[in-house]
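The structure appears below as structure tokens.
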Amino acid sequence: MSTHSDRLRALRDELARQHLDGFVVPLTDEYMSEYVGGYAQRLGWLTGFGGSAGIAAVLPGVAAIFTDGRYTIQVREQVSAGDWDYVAVPENNVADWLAANASEGARVGYDPWLHTRAWVEQTRTALAAKGAQLVAVDANPIDAVWHDRPAPSLAPLTVHSDADSGESSAAKRARVADWLGEVGADAAVIPALDSTAWLLNIRGEDVSRTPVALAYTIVGADGTADLFVAPEKMTDAVHQHLGNAVRVHDRAEFAPALGRFAGKRVAIDPALAVAAIFDAVEAGGGTALALRDPTIIPKATKNAAEIAGHRAASIRDGAALTRFLRWIAAEAPGGDQTELSAAAQLRRFREETGCLRDLSFDAISATGPNGALPHYHVTEKSNRAIELCQLYLIDSGGQYLDGTTDVTRVVPVGTPTAEMRDRYTRVLKGHIALATATFPPGTSGQQLDALARLPLWAAGLDFAHGTGHGVGSFLAVHEGPARIAKPSYPGGGPQEPLRAGMILSNEPGYYKAGEYGIRIENLLLVVERDLPGGEATMLAFETLTLAPIERDLIDADLLSREERAWLDAYHARVVETLGPVLPADDRAWLVEKCAPIAA
């Protein structure tokens with residue numbers, strides 16, 4: 001089908017054939033993943049939207065696409081206003097929109113393998129008030145009209161060593177078994193791809209930029225497990241690694257297996273499991289217990305081996321980024337580089353480490369007005385030349401066996417304006433405020449979020465994204481459950497307490513639509529800290545990321561003495577740590593770039 005308008009018409013024709021008056025299209029897969037394989041990119045195929053979060057609703061005479069503040073500009077550039085209404089979330093939601101726009105008696109379809117039970121209940125209730133009906137489909141109607149839809153990946157599984165993971169799969173499964181005993185459950189469904197990867201110490205190549213495999217796991221109260229995965233993905237090494245305590249089944253057997261828990265109590269995470277999993281367990285006579293996935297907190301709380309690995313990955317990655325920053329500072333003013341060529345060069349520097357397994361996400365390589373799009377994705381069509389009098393923003397990361405990185409830096413091309421320096425310095429002040437925070441156990445990221453915004457708020461400014469997200473260990477670059485964000489922002493989530501061992505990003509920003517964007521991002525490790533004269537052990541952050549922060553964009557007059565001291569100490573650590581692993585020319589450049597800030 002030549003255009004997205006053609007695809008929308010084809011979907012409406014298919015809905016009519018299935019006696020449906022509407023359909024809801026989320027950007028997710030049957031594992032509720034943030035990033036999904038090509039086979040599950042139904043929203044992008046239908047609408048042209050290339051962001052990482054969104055949902056669409058289609059009715060006979062109207063259709064809408066729902067995105068948050070990160071994509072306000074992007075969705076208008078990629079999705080036709082002639083076919084789609086743009087609706088902002090969280091101010092609005094799909095359920096209310098459907099109730100307002102569906103006709104009385106309408107049958108609105110949904111794929112129960114792509115939505116949570118909470119979403120289904122909310123939407124069903126909203127439609128019922130209008131006299132309309134929410135209908136589960138047996139087969140997704142988009143798949144019927146997407147004739148060249150890619151097949152799911154069959155890339156083989158790999159073993160993630162105990163040395164890198166820091167704990168054997170048997171020990172992890174034993175922890176889950178103990179938890180099942182505590183909650184009085186017979187089994188736990190592990191629905192998220194990164195949870196299965198962590199639990200079984202396996203990795204895959206089925207999702208772009210995230211080393212996971214398309215699989216489900218069910219763990220029993222005796223610590224054994226059933227892994228459901230395409231048989232073509234299994235190797236002798238993986239079979240040997242899993243051992244007899246992990247039974248391997250074809251992925252197609254997962255749904256039938258859920259129906260065999262009659263009289264049993266099965267723990268299922270309502271935030272991570274799709275509605276179809278609950279439905280199948282209950283249809284088979286089992287009791288579904290809505291409980292958090294027991295791997296979530298252990299996975300997010302890194303052990304000593306994972307922390308040591310991330311520190312090693314940070315040095316390796318920081319050296320590659322430093323080489324790039326020197327390169328872009330020299331090359332950008334000449335006008336011969338573009339967003340794509342710069343991103344490609346940074347990848348080459350990471351590949352030259354000999355340890356890069358993949359990028360951790362597609363680099364946000366953005367110059368000028370593209371930098372004002374927080375989650376911009378450069379394409380051949382959007383690619384801009386890096387020119388004088390612009391700011392160039394690069395948000396990127398790598399996947400290494402010992403750690404996952406994520407870092408953002410901004411480079412001025414030519415002389416920055418006073419406004420650019422003011423905004424950059426305010427972002428830096430917020431970054432430092434969060435990096436130096438000390439707080440008691442039980443504190444959530446939502447409680448800390450304002451620290452990173454106060455310098456911007458003081459000037460009547462803000463940024464429309466979260467301040468920080470969790471990061472996995474050779475896993476997802478966006479990992480729950482902890483997050484530093486306003487409650488109303490996507491991913492803000494519950495008041496999840498921060499725990500020692502968690503790794504989160506620190507990335508305040510500022511974006512001037514149509515002109516430039518600024519973001520300074522380092523990764524932080526939550527650590528315990530005893531303060532002189534204190535009455536209890538507190539929590540604080542250790543900055544893990546090592547790379548120079550752009551001094552030419554700093555207005556030193558806006559920094560306090562304490563802030564200048566932090567910056568100088570950080571830069572001294574960058575030089576001390578990265579200097580020995582850099583070539584001589586790069587090392588000399590780094591020393592100059594990290595010189596103490598002028599008072």
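The structure presented is a predicted model; accordingly, all values stated were derived computationally and were not measured.
Using a 4.5 Å heavy-atom threshold, the side chains of Phe361 and Asp395 count as touching. Counting heavy atoms from C-beta on, the side chains of Asp358 and Glu205 never come closer than 4.5 Å. Taking 4.5 Å as the limit, some side-chain heavy atom of Leu321 sits within range of a side-chain heavy atom of Leu346. Taking 4.5 Å as the limit, every side-chain heavy atom of Leu193 sits out of range of all side-chain heavy atoms of Thr210. Annotation: side chain of Asn522 is not in contact with side chain of Leu544 (no heavy-atom distance under 4.5 Å). By the 4.5 Å heavy-atom criterion applied to side chains, Thr543 and Arg573 are counted as neighbours. With contacts defined as side-chain heavy-atom distances shorter than 4.5 Å, the pair Ser52/Leu27 does not qualify. Side-chain atoms of Pro294 and Arg175, non-hydrogen and from C-beta on, never get closer than 4.5 Å to each other.
Here His241 pairs with nothing under the ring-ring contact (aromatic ring centres under 6.0 Å, His included) rule; sequence neighbours left out. Take Thr224 and apply the side-chain contact (heavy atoms from CB on, under 4.5 Å) test, not counting sequence neighbours, and it matches Asp222, Ala245, Arg247. Judged as a side-chain hydrogen bond (donor to acceptor under 3.5 Å, both in side chains), and not counting sequence neighbours, the contacts of Asp449 are Arg453, Thr467. Applying the side-chain contact (heavy atoms from CB on, under 4.5 Å) criterion to Thr217, with sequence neighbours excluded, gives Ile190, Thr196, Leu199, Leu200, Val219, Ala225, Leu227. The ring-ring contact (aromatic ring centres under 6.0 Å, His included) check on Trp113 picks up nothing, with sequence neighbours excluded. Listed by chain and residue number, nothing satisfies the ring-ring contact (aromatic ring centres under 6.0 Å, His included) test with Phe261 (two or more places apart in sequence, or in another chain). Legend: residues meeting side-chain contact (heavy atoms from CB on, under 4.5 Å) with Pro548, ordered by chain and number and at least two apart, are Thr322, Leu325, His571, Val574, Trp589, Leu590, Lys593, Cys594. In terms of the side-chain contact (heavy atoms from CB on, under 4.5 Å) criterion, residue partners of Ala500 (sequence neighbours excluded) are, by chain and number, Glu528, Leu539. Looking at residues two or more places apart in sequence or on another chain, you find a ring-ring contact (aromatic ring centres under 6.0 Å, His included) between Phe541 and Phe439.
The side-chain tip of Arg209 does not point at the ring of Tyr35 from less than 6.0 angstrom away and within 45° of straight on.
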Inset, instruction - Give the C-alpha distance, both sets of side-chain angles, the deciding distance and a yes or no for side chain to side chain contact (heavy atoms under 4.5 Å, CB included) between Ile277 and Tyr216. - result: CA-CA 11 Å; Ile277 293 176; Tyr216 285 108; 3.9 Å; yes
Inset, instruction - Evaluate salt bridge (charged side-chain N to carboxylate O under 4.0 Å, His left out) for Asp293 paired with Lys299, printing each intermediate quantity in order. - result: CA-CA 10 Å; Asp293 177 344; Lys299 173 164 56 69; over 6 Å; no
Inset, instruction - Kindly determine whether His465 and Glu507 satisfy side chain to side chain donor-acceptor pair (under 3.5 Å), including the steps that lead there. - result: CA-CA 9 Å; His465 59 74; Glu507 50 182 307; 5.2 Å; no
Inset, instruction - Start with the C-alpha gap between Thr404 and Gln399, add the side-chain angles, then the distance that decides, and say whether side chain to side chain donor-acceptor pair (under 3.5 Å) holds. - result: CA-CA 5 Å; Thr404 299; Gln399 290 283 10; 2.7 Å; yes
Legend entry - side chain to side chain donor-acceptor pair (under 3.5 Å) evaluation trace for Ser153 with Tyr39: CA-CA 8 Å; Ser153 166; Tyr39 79 98; over 6 Å; no
Legend entry - CA sep, side-chain torsions, deciding dist, call: Ser165, Asn201, side chain to side chain donor-acceptor pair (under 3.5 Å): CA-CA 7 Å; Ser165 65; Asn201 285 347; 3.2 Å; yes
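Each ring-ring contact (aromatic ring centres under 6.0 Å, His included) pair with one or both residues in residues 272-324, not counting sequence neighbours, appears once here: Phe324-Trp327. Within the structure, salt bridge (charged side-chain N to carboxylate O under 4.0 Å, His left out) contacts touching residues 270-281 (residues at least two apart or in different chains) are Arg117-Asp279. The ring-ring contact (aromatic ring centres under 6.0 Å, His included) pairs that include a residue from residues 158-198 are His160-Phe474, where partners are two or more places apart or lie in different chains.
At distances below 3.5 Å, not a single donor-acceptor pair connects side-chain atoms of Asp68 with backbone N or O atoms of Val89. In this structure a side-chain-to-backbone donor-acceptor pair under 3.5 Å is missing from Gln41 to Gly38. The closest donor-acceptor contact from the side chain of Thr405 to the backbone of Gly398 lies under 3.5 Å. A donor-acceptor contact shorter than 3.5 Å links the side chain of Lys233 to the backbone of Ala155. Distance alone, capped at 3.5 Å, is enough to place a donor-acceptor pair between the Thr116 side chain and the Trp119 backbone. When atom types are taken as modelled, the side chain of Arg348 and the backbone of Ala343 share no donor-acceptor pair closer than 3.5 angstrom. In this structure, the side chain of Gln447 engages the main chain of Ser444 through a donor-acceptor pair within 3.5 Å.
Ring orientation note: the planes of His375 and His478 are tilted relative to one another, at an angle of 30° to 60°.
Ala213 and Asp206 make their closest contact through CA-OD2, 3.3 Å (heavy atoms, listed as atom of the first residue, atom of the second, distance). Between Pro374 and Arg519, the closest heavy-atom pair is O-NH2, 3.4 Å. Shortest non-hydrogen contact noted between Pro440 and Met538 is N-CE, 3.5 Å. The nearest pair of heavy atoms linking Thr537 to Pro441 is O-CD, 3.5 Å. Nearest heavy-atom pair across Ala177 and Ala221 is CB-O, 3.4 Å.
Using a cut-off of 4.0 Å between Lys/Arg side-chain N and Asp/Glu carboxylate O, Arg42 and Asp111 are scored as not salt-bridged.
Here the CG atom belonging to Asp406 is positioned 8.0 Å from the CD1 atom belonging to Ile364, to the nearest 0.5 angstrom. Between Leu498 atom CG and Glu496 atom CD the span is 8.5 Å, to the nearest 0.5 Å. To the nearest 0.5 Å, atoms CZ (Phe66) and CG (Asn93) are separated by 7.5 Å. The distance from the CG atom of Asp194 to the OG atom of Ser33 is 8.0 Å, given to the nearest 0.5 Å. Annotation: the span from Leu272 atom CG to Ser195 atom OG amounts to 6.5 Å, rounded to 0.5 Å. Distance check, rounded to the nearest 0.5 Å: CE of Met234 to CG of Asp250 gives 12.0 Å.
Asp317 pairs in a salt bridge (Lys or Arg N to Asp or Glu O under 4.0 Å) with only one of the listed residues (Arg350, Arg347, Arg311), which is Arg350.
When ring centroids are compared, His249 and Phe254 stay outside the 6.0 Å threshold.
For Glu351, the CD atom counts as densely surrounded, since its 6.0 Å shell holds more than 12 non-hydrogen atoms of other residues, nucleotides or ligands.
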